[in-house]
Amino acid sequence: MTVSVAEKALRLLQISVADITGRESHVADALSAALNSGSAIDLIFAQQRFDNLDPYTRKRIKGRAINEAHSFSVH
C-alpha cells in the first residue's frame with residue numbers, strides 16, 4: 001500500500017506535535033485518531049485542536065516539523 005503525501009505530512013505534523021506538547025496531549029491524540037481512521041470528521045477535530053494551541057507552541061511545532069522534514073522523505 002502506498003502512503004500518500006498528505007498522510008506523510010499529517011504523520012510529520014503528529015510527530016512534531018507529540019514532541020512539543022507530549023504524546024498524551026489532546027492535539028497529539030486527535031492527530032493520531034485522524035491518521036488511524038482516515039475520517040474527515042477526525043481530521044476536522046484535529047485541526048480545531050491544533051488551531052486552539054497558543055501561537056508560541058504552534059511556532060515551536062513548525063520549527064520541529066521543518067527540522068524533522070529534512071530527514072523525512074515525502075516522495
Which atom pair, heavy atoms only, marks the closest approach of Arg23 to Ala28? O-CB, 3.8 Å

hydrophobic_cluster_shared for Leu43 and Leu35, side chain cutoff 4.5 Å: yes

Got a donor-acceptor contact below 3.5 angstrom from the Arg58 side chain to the Asp51 backbone? yes

Minimum heavy-atom distance Asp19-Arg64, with the two atoms named: OD2-NH2, 2.6 Å

To the nearest 0.5 Å, tell me how far Lys62 NZ sits from Asn67 CG. 12.0 Å

Please tell me whether Thr57 and Asp54 have a donor and an acceptor in their side chains that are separated by less than 3.5 angstrom. yes

Grouping I, L, V, M, F, W and Y whenever their side-chain heavy atoms are under 4.5 Å apart, do Ile20 and Leu53 come out in a common cluster? yes

CG of Leu12 to CD1 of Ile61, rounded to nearest 0.5 Å, is 11.5 Å

Hydrophobic cluster membership, Leu31 vs Ile15, 4.5 Å side-chain cutoff: no

Please report the closest heavy-atom contact between Ser16 and Ala65, naming both atoms and the distance. OG-CA, 3.1 Å

Arg11/Glu7 ion pair, N-O < 4.0 Å: no

Tell me whether Leu10 shares a hydrophobic cluster with Phe50, the cluster being built from Ile, Leu, Val, Met, Phe, Trp, Tyr side chains joined at under 4.5 Å. yes

Run the numbers on Asp42 and Asn36 for side chain to side chain contact (heavy atoms under 4.5 Å, CB included), then give the verdict. CA-CA 9 Å; Asp42 286 341; Asn36 292 331; over 6 Å; no

